[in-house]
Amino acid sequence: MMPAEEKAFKGLKARELPKEELFTQGHRACQGCGGALALRLVMKAVGNRVIVANATGCMEIISSAFPQTAWEVPWIHVAFENAAAVASGIESALKALMRKGRLKKEKIFVLAIAGDGGTADIGLQALSGALERGHDFVYVCIDNEAYMNTGIQRSSSTPFGARTTTSPAGKKSIGQVTWKKNVAEIAMAHHIPYVATVCPTYYQDMMNKVKKAITTPGPAYIHCLAPCPTGWRCSPNLTIEVGRLAVETGVFPLYEVTNGECKINYPHRRLKPVREYLQLQGRFRHLTDKYIEIIQERVKEEIAKLQALEKFSSFYKNALANF
Amino acid sequence: MPKRVGMEVSIGIAEAVKLCDVDVISAYPITPQTHIVEHLSELVANGELDAEFIPVESEHTAISVGAGASATGARVYTATSSQGLALMHEILFIVSSMRLPIVMTVANRALSAPINIWNDHSDIMAERDIGWIQTFAINGQEAYDLTFHAFRVAEDEKVQLPVVVNIDGFTLSHVIEPIELVEKELVDKYLPPRKPILTLHPDNPVTMGPVGIPEVYTEARKQLEVALMDSKEVVVKAWQEFKKIFGREYHPIETYKTKDAELIFVTMGSITETAMLAVDKLREKGEKVGLVYIRLWRPFPHEEFYNAIKKAKILAVLDRAISYGTNSGPVYTEIRSSLFDKKKKPYVQGFVAGLGGRDIPTERFFEMIEIARSAAEKGECPQYIHLDVKED
């Protein structure tokens with residue numbers, strides 16, 4: 001983005017939302033799919049001067065059954081674990097071809113899309129490599145918190161206590177026994193210019209962050225919580241509500257880290273009890289009060305840590321400016 | 001006059017890649033491929049080659065970066081070896097089926113375990129069916145020349161397939177050989193800039209790598225097989241063109257003193273030159289022996305191979321890899337299958353030797369001739385004989 005344009009952009013207003021659909025209707029997603037909604041918003045924010053590299057997963061399967069496609073932009077799918085690597089190749093090719101005069105010099109954005117399995121598990125190495133090398137691209141993780149495409153198996157992004165088909169709740173297990181891997185924090189550890197968490201319920205916040213990410217030179221990482229009624233065992237009409245409660249309870253706080261400076265966007269008032277979020281979803285139905293309390297305590301700790309980061313990073317930045 | 005200089009073969013290959021004016025190189029270090037990509041990164045760092053050099057975090061990413069770059073229209077090069085090639089395995093099939101031209105040098109090396117950095121062909125034989133065009137070089141000059149040929153064929157409008165150029169690890173990659181260098185103007189004449197058919201660009205959005213349901217999957221894979229089989233014509237034409245411009249001649253199947261040969265050795269790769277020495281020595285003793293070496297491994301040139309060996313009584317096929325559980329080597333299996341329907345065919349004896357860098361001296365070929373002859377006389381078919389194995 002040119003500096004002038006950057007100045008001009010103060011965030012999208014509801015009435016300014018682009019009408020053009022670049023991720024179009026007619027795809028094969030389940031009713032109430034939070035991921036498909038997220039993609040639609042991402043593409044509205046990014047616009048059509050982009051090339052998309054999509055990992056294997058729900059979003060790829062539902063959008064590209066030959067001879068149909070839901071994509072109005074150039075799009076490529078190669079495999080499960082390499083969206084960040086394929087995006088690296090696209091970005092490098094554009095750079096070389098434009099420099100050598102074989103392509104017209106212009107800004108073409110590069111966007112990588114992958115699920116939580118393709119990001120937190122099998123694709124983590126490729127993601128880390130691409131962020132570390134500093135390619136100019138945005139990586140969006142559409143996190144529905146399990147391998148939904150293959151039938152709701154647990155990933156390292158599945159939250160503690162959730163029942164999946166490979167972390168079933170039983171007499172000797174409460175379901176997932178590990179805490180959700182924090183990939184946004186891992187991305188931050190690469191000291192990239194921009195990291196943000198988003199949820200399609202907060203659509204303006206989400207689109208503004210995506211727009212900011214795509215226009216920031218260098219790598220940017222966006223972690224998107226995408227409620228999945230099929231896998232989370234909730235009614236498809238609750239997608240927006242479940243997303244809101246994930247944020248309002250502090251289970252999934254929305255924040256952005258710009259050049260190391262953290263800003264928490266939501267929740268901006270007192271946390272709602274996690275029970276309100278958990279009770280809407282069948283995947284947590286088996287949890288007793290004891291475990292709900294454990295989750296509640298963990299959420300408080302995580303929010304406290306995030307608030308500390310927010311304070312520290314702004315303090316640090318000011319100190320550095322006056323050094 | 002073209003210059004003939006002593007040069008490490010790896011450096012020669014990197015210089016060839018430079019002359020091809022590649023746009024994107026992505027590579028991960030693995031012995032014995034390293035000198036190729038080290039030299040390329042130097043050329044980029046010194047501004048002698050205008051390309052993006054991406055030092056990736058794994059071979060899986062090296063080939064994935066190549067896929068993305070090739071789909072965007074760039075001329076792409078990578079190189080690997082052994083475990084690195086095995087790590088690429090998943091993506092190699094995708095690259096060919098998506099018809100993405102990429103050129104890759106494989107410095108052939110043994111696969112683990114036990115871990116071994118030395119030369120044999122087990123790495124590429126495990127990737128035999130990836131749908132790539134595959135050639136083998138027998139010396140430094142060929143490793144150099146086949147690099148230009150690979151780009152020309154890969155990017156041909158009718159082909160649009162990736163190409164592997166196999167060079168033996170260490171025995172080729174790390175030796176200094178006399179290489180006749182070519183002029184940039186001639187390379188430009190031989191290899192025009194890439195003209196991709198479809199690329200990823202916002203001006204003309206395309207969907208690449210979609211889901212192939214059962215109704216379309218068969219056709220997609222059949223298309224790849226047809227494209228690979230049909231590429232032979234372009235491969236041969238590109239060699240004819242190469243001869244016109246650079247003067248050196250290449251064929252899918254090469255012969256050495258086979259005119260009156262009763263027994264013919266069959267080899268691939270750098271061991272071929274040792275086999276030539278063995279043939280010379282045997283000829284001095286009055287033995288009617290010759291040699292056929294396979295330059296184009298995929299697509300396999302069945303017709304050319306048969307024409308090269310049809311007058312022989314015995315074939316002694318040397319494999320540098322084992323096809324485990326079949327009592328056979330991959331080249332031997334290929335040849336027996338290729339000859340099965342022929343009414344007139346020689347007796348075929350298989351051998352495996354030179355695994356993991358074990359030396360194959362000319363004496364081993366004398367041994368092969370004895371074994372093959374006595375097996376042919378008895379009419380026995382012991383599949384393959386593993387030479388030079390310490391049994392105690």
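Just so we're on the same page: letters track the sequence lines, and every chain starts at 1. Note that these values count all heavy atoms, side chains included, but never hydrogens, waters or copies made by symmetry.
- The number of heavy atoms from other shown groups lying within 6.0 Å of CZ (A/R40) does not exceed 12.
- Top candidate by heavy-atom pairs under 4.5 Å with chain B, chosen from A/S88, A/G129, A/S128, is A/G129.
- Looking at B/H60, the atoms closer than 4.5 Å to chain A (heavy atoms on both sides) all sit in the side chain, from C-beta outward.
- For A/K100 (side chain) and B/D50 (main-chain N/O), a donor-acceptor pair under 3.5 Å exists by modelled atom type.
- For a residue to count as touching a neighbouring chain, one of its non-hydrogen atoms must lie under 4.5 Å from one of that chain's; by this rule A/E106 touches chain B with the side chain only.
- Note: A/F66 CZ to B/E219 CD = 10.0 Å, rounded to the nearest 0.5 Å.
- Using a 4.5 Å heavy-atom cutoff, the side chains of B/E57 and A/L127 are not in contact.
- The minimum heavy-atom distance between A/W71 and B/T207, with the atom names listed, is CB-OG1, 4.1 Å.
- Both the backbone and the side chain of B/T61 come within contact range of chain A, each with at least one heavy atom under 4.5 Å from a heavy atom of that chain.
- At a threshold of 4.5 Å between non-hydrogen side-chain atoms, the residues B/M98 and A/I76 count as touching.
- One finds the CG atom of A/L94 at 9.5 Å from the OG1 atom of B/T199 (value rounded to the nearest 0.5 Å).
- Interface remark: A/V78 contributes backbone and side-chain atoms alike to the contact with chain B (heavy atom separation under 4.5 Å).
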Practice task
With salt bridge (Lys or Arg N to Asp or Glu O under 4.0 Å) as the test, would you mind laying out the steps for A/R99 and B/D23 before giving the verdict?
Solution key: CA-CA 10 Å; A/R99 188 174 64 230; B/D23 304 308; over 6 Å; no
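- Across B/L100, B/V24, B/L200, the residue that shares the most heavy-atom pairs under 4.5 angstrom with chain A is B/L200.
- Interface residue B/E90: only side-chain heavy atoms are found under 4.5 Å from chain A.
- In this structure, the portions of A/A126 lying under 4.5 Å from any heavy atom of chain B include both its backbone and its side chain.
- Residue-environment remark: CD1 (B/I197) exceeds the threshold of 12 foreign heavy atoms within 6.0 Å.
- A side-chain donor-acceptor contact under 3.5 Å links A/H77 to the backbone of B/G209.
- Only the side chain of B/V216 comes within less than 4.5 Å of a heavy atom of chain A; its backbone N, CA, C and O stay farther away.
- Judged by distance alone, the side chain of A/S64 and the main-chain N or O of B/V211 form a donor-acceptor pair under 3.5 Å.
- When every heavy atom of A/A79 is checked against every heavy atom of B/I94, the shortest pair comes out as CB-CD1, 3.9 Å.
- When B/I54, B/N204, B/I63 are compared by the number of non-hydrogen pairs under 4.5 Å with chain A, B/I54 comes out ahead.
- By the neighbour-count criterion of 12 heavy atoms within 6.0 Å, atom NZ of B/K222 is sparsely surrounded, having that number or fewer from other residues, nucleotides or ligands.
- Ranked by heavy-atom pairs shorter than 4.5 Å toward chain B, the options A/V110, A/N48, A/N54, A/N82 are led by A/N82.
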*I would like to know whether B/T72 and A/E91 meet side-chain contact (heavy atoms from CB on, under 4.5 Å); could you show each step before the answer?*
CA-CA 9 Å; B/T72 312; A/E91 187 255 9; over 6 Å; no
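- Only the side chain of B/I91 comes within contact range of chain A, with at least one heavy atom under 4.5 Å from a heavy atom of that chain.
- Counting heavy-atom pairs closer than 4.5 Å to chain A, the top residue among B/D21, B/V95, B/I213, B/V76 is B/D21.
- Listed here is the closest heavy atom pair of B/E52 and A/S92: CG-O, 3.4 Å.
- Here the side chains of A/R49 and B/P202 are in contact, with some heavy-atom distance below 4.5 Å.
- Residue B/E157 qualifies as open at atom CD: its count of foreign heavy atoms under 6.0 Å is 12 or below.
- Only the side chain of A/I108 has a heavy atom closer than 4.5 Å to any heavy atom of chain B.
- The part of A/L97 that comes within reach of chain B is its side chain, from C-beta onward, which places non-hydrogen atoms under 4.5 angstrom from that chain.
- Proximity of A/Q125 to B/S58: side-chain heavy atoms (C-beta onward) are separated by under 4.5 Å at one or more points.
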